[in-house]
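It should be emphasised that the depicted structure is a prediction, and the values quoted were computed from it without experimental measurement. By convention in this document, chain letters (A, B, ...) are assigned in the order of the sequence lines, proteins followed by strands, and residues within each chain are numbered from 1.
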2 protein chains.
Amino acid sequence: MTATADRQRQGWGKALRPTTKVLPEHARAHNRSMVLAHLFHAGPGSRADLARSTGLTRVTVSDLVASLMAEGLVAELGVRPEGRVGKPATLVGLRTDSFQIVAVDLADDERMHGAVLDLAGLVVERRSTAVDGRTGESAVRALTDFCAELVEAATCPVLGVGVGSPGVIDAAGTVLEAPNRGWYDVPLASTLESALGVPVHVANDANTAVLGEFTYGGATGSGLLVLTVGEGVGAGIVLDGALVKGHRHAAGELGHVTVVDERDDVDGAPLGPALECACGRRGCLETVLSVPALRRRVAGLDPQSTDAALASVGRRLGILLAPVVSALNLSEVVFSGPPDLLDGPLRSAALESLRERTMPVISSTLELRMTTLGEDGALSGAAVLVLSGQLGVT
Amino acid sequence: MTATADRQRQGWGKALRPTTKVLPEHARAHNRSMVLAHLFHAGPGSRADLARSTGLTRVTVSDLVASLMAEGLVAELGVRPEGRVGKPATLVGLRTDSFQIVAVDLADDERMHGAVLDLAGLVVERRSTAVDGRTGESAVRALTDFCAELVEAATCPVLGVGVGSPGVIDAAGTVLEAPNRGWYDVPLASTLESALGVPVHVANDANTAVLGEFTYGGATGSGLLVLTVGEGVGAGIVLDGALVKGHRHAAGELGHVTVVDERDDVDGAPLGPALECACGRRGCLETVLSVPALRRRVAGLDPQSTDAALASVGRRLGILLAPVVSALNLSEVVFSGPPDLLDGPLRSAALESLRERTMPVISSTLELRMTTLGEDGALSGAAVLVLSGQLGVT
DNA sequence: TCACATTTGTTAGTAGACCTTCCTTACTAA
DNA sequence: TTAGTAAGGAAGGTCTACTAACAAATGTGA
C-alpha cells in the first residue's frame, strides 16, 4: 500500500472549542436536577420509584432526597395508600409552597404583565401596570419597581425573577437591542438582580414562550417552534430540549423575513403590494401577520372574504415555514396569539401549504396547533427560565 | 394578597424527559475528551499548558495524560525548545500514527469512495469501487467488502469506520430509507460492525459533510449549515457544536421543499414552469439546484445567459434559505458541490437575495462561502463521526 | 559565582460522589 | 405462623479531582 498523503489537512491550528471541565460535583448537581425534574413532571413518588426511573441506586436517591429535603424543596407526604407486597413506600414530593417565582412579560407595549407563581407553574397572584410610554432608563426603573412589588406580593421565599422581553437578549440577560423600549446594551438581569436581591433571568419573549410551551404545553417530540403573533411576530425554537440561541442571540427573528415580493402573483388571493415595514424594508412577515396588520386586513370584510384574507396570509406563512420545518424536521409548530385570527383559515391554510411544500417524512408527523397556554405563554416561560436556571428543571 | 389560582396547570402528568444519570466516571470521560480535543485542535503542548487551557489542575491532567499514553493515543515529544524561565516543559502530542480511521462516502450513485485517514484527518490511502447498480442486500455486501478492503489497507489499528450515506438514518446507524440504494430499515452500522469487528458509525452524507466542515473547515461561529449539491440536494446543520438530527432523523432534507410555484413570476428571469420531481411533486429545490438539473439548465447557453440562469436559481435558493437563516441566526452557510456551477453568479445571487430578505442583525454577520474541503467533505465528516464517537473529539 | 525566583511535574493526603453489600422494617400470601 | 417481597438505611469500597508540598531544572540578579 502507498501512503498517499494527498492533502494538507492537519487538525492543528484550529480555533479552540469552548469546552469546560466537568467535576464530580457537577454530576451530583445533574442528578439532583434529574430527581427534581422527575418529581416536577411525574408528581410525587417513593425514593425507590425515583431510583428506578433515574437509573441511580436507592442509596444515592435517598441521599439526594435528604439534601433536597434539607433545602426545603421536597417533603415526605406519608405512605402510599395502595397496598402492594413489601414495605409500604413513603412518598416524597415537590414542596410547591416552599418557594415562589416572579415572572414578567414585557411583550405588550402598553402594560407590563407580571405574576407570582408556585413551583408547579400555577399562578398565585397576578398584577399589571401601565407602561405610560416610558422608555430607556425610565422604563428600567418602572420595571424594577414592578418586580419589587411582585416580590413583595410573594408569600414565601422567591426562587428568582424571570423576564420575557422583546428584543435581542444575550445569555447573561443583557438586552442588546429592544427598539420598542429604547434599550440598547442594557444589562437588565444584573441591574434587576442587584436591586431586588434575588436571581434574575431575562430572555426574549418568543424564547420564553417556547420554553413555556415546552414545559407546560403538550410538547411531545424533540423539535418545537412557537410563533408568537402580537404587535410583532417572533419565534422561539427548542431542539433536543435546548433553546436555540443563535450566533448573535437573534434566533427566531422571523418577523422581518420577506414574504411578499414586489411582483407577486403566487397566490389565487394575492396579498397586494409589498407593504412598508417599520424596519425600513418592504414585505416583511410582520406587515401581514402581526395582529394590527391582520386586523387592518380583515376590517370591514364579510365573513367569507375575511376567511379568504386570513387563508391568504396562512399560505404565505406556510411557504415561509416550509424550509424551516424541513431543515430542522420539527415535530410541532405552535401558534401563540389571538385565536380568532390565527386558529381558523389562517392555520388551516398554513398547514395545507406546509404539507404541499414539504416531503411526507417531514410533514406527516408535523403537528401545527394553537398554544395550550393562552396568553400566558411568555409568562410561564419566564417562570421556566427561573426553574431551569435555579433548579435545572425543564 | 389573594391567592388567585386562575388556571389548572400543574406540572404533573407530563411526559418524562429522557434525562440520564451522570456518574463521576462520565466526568472523567468528558475531561479526557477535552484534553484529547485540545491536543487535536491546538497541537502538542505541555501538561501544564493543558491544565491552564482546560481549567483542570496539573495533577489531574498528568493523570489523564498518563492513561492516554497507556492507551497509545498520545506520546511525549521531548522538551519544548524555547527557553523560558523555569523547568523546561515536556511536550505531549496526539499520536497520529497510533490509530487510523476508515471513511466511506456513498453519495455518488456510481462509485463508492473510501479512504484511510490518520487521526489528524490526513488521507493516507484512497480507494473507490464501482457500485454496478447493486441495491438492497447486494449493495450491503459490496459495501462490507469495500470496508473490509479499506480496513485491510490500514497500517495500524483502526479506530473505527465512518460511513456517510444518502437517506434518512437514525442515531444507531440504521438506514430508515435510502431509495437510491433500495435500503429500508437496514441496520447498516450493526451489520458492518459485526462483519468488520471494529466500531462503525453511519450518518446521512449531508450530516457528515457538515461535521467535516465544522471540524476541518474554517467554522468560526456557532451556527453552520452545509448545503450539499450533487445528484440530489441535502443539508446538514450544526448548532452550538451539536448536529441537528430532527424529530424523525430527517433534519436537513431541503431537497424536496417547493421553490417553484405553478404561477410563478417572482423573478425577472423566471425559472419556467414547476418541473416534476422524482418524489412525485412539482417544483422541488432538487428540480433546479441539483447538479444534473443545473447542467441541463445551462447546456448550450452563452456565458451571459448561463450566468443569468445560475443567478436565477441562486435567488430562489436565497428565498428558501432566508427563513432558515433567520430562525436559527446562523453564522455560516457553506456550499458543497461543483464550484463551476455554485461558486459564481449562483452564490452571489443567493447571498444578495438572503441579505435583501433578512434583518441586518441576521445577515450582516452571515458568511456564505464554498467548502474548503473540496469533494472530501462527506469523507472527512465520516472520519469525524468516528473521532467523535470513539474519542469524543469534535 | 551563587542565592533566589519561576515553572514543571510528581507524591501524598483529603473530600465528594456513587457504588455494592448487608441489615432492619413492614407488609402480603400461604 | 412462616416465607417472600419491597423500602429504606448503614457500612465500607472505589473512583475522581482537589489542595499542599516538594524535587528538578532553568533563568535572573546581586
From B/Leu387 atom CG to B/Phe40 atom CZ, the distance as rounded to the nearest 0.5 Å: 5.0 Å

Note: B/Arg80-B/Asp49 ion pair, threshold 4.0 Å (strictly below): yes

Test salt bridge (Lys or Arg N to Asp or Glu O under 4.0 Å) applied to B/Asp97 - qualifying residues, sequence neighbours left out: B/Arg95

OP1 or OP2 of D/dG8 under 4.0 Å from side-chain N/O of A/Thr90: yes

Test side chain to side chain contact (heavy atoms under 4.5 Å, CB included) applied to B/Leu50 and B/Met34, step by step: CA-CA 9 Å; B/Leu50 290 167; B/Met34 193 168 46; over 6 Å; no

Derivation and outcome, side chain to side chain contact (heavy atoms under 4.5 Å, CB included), residues B/Glu71 and B/Leu68: CA-CA 5 Å; B/Glu71 295 172 61; B/Leu68 288 172; 4.2 Å; yes

Side-chain H-bond candidate by donor/acceptor type, B/Thr90 with B/Arg47, under 3.5 Å: yes

Options C/dT20, D/dA17, D/dT5, nucleotide nearest the side-chain atoms of A/Thr57: C/dT20

Any B/Thr60 side-chain nitrogen or oxygen under 4.0 Å from OP1 or OP2 of D/dT16: no

Under 3.5 Å, which protein N or O atoms sit close to an N or O of nucleotides 9-11 of chain D? Give each pair with its distance.
| residue | atom | partner | partner atom | Å |
| --- | --- | --- | --- | --- |
| D/dG9 | OP2 | A/Ser62 | OG | 3.0 |

salt_bridge(A/Arg58, A/Asp63) N-O dist < 4.0 Å: no

Whichever of A/Pro88 and A/Leu64 has its nearest DNA chain C nucleotide further upstream toward 5': A/Leu64

Positions of residues 28-36 of chain A (non-hydrogen atom under 4.0 Å from DNA chain C), listed by number: A/Arg28, A/Asn31

Any B/Arg52 side-chain N or O less than 4.0 Å from OP1/OP2 of C/dT8: yes

Distance below 4.0 Å between B/Ser46 side-chain N/O and C/dG9 OP1 or OP2: yes

Under 4.0 angstrom between A/Lys87 side-chain N/O and D/dG4 OP1 or OP2: no

Distance-only donor-acceptor check, side chains A/Gln390 and A/His201, under 3.5 Å: yes

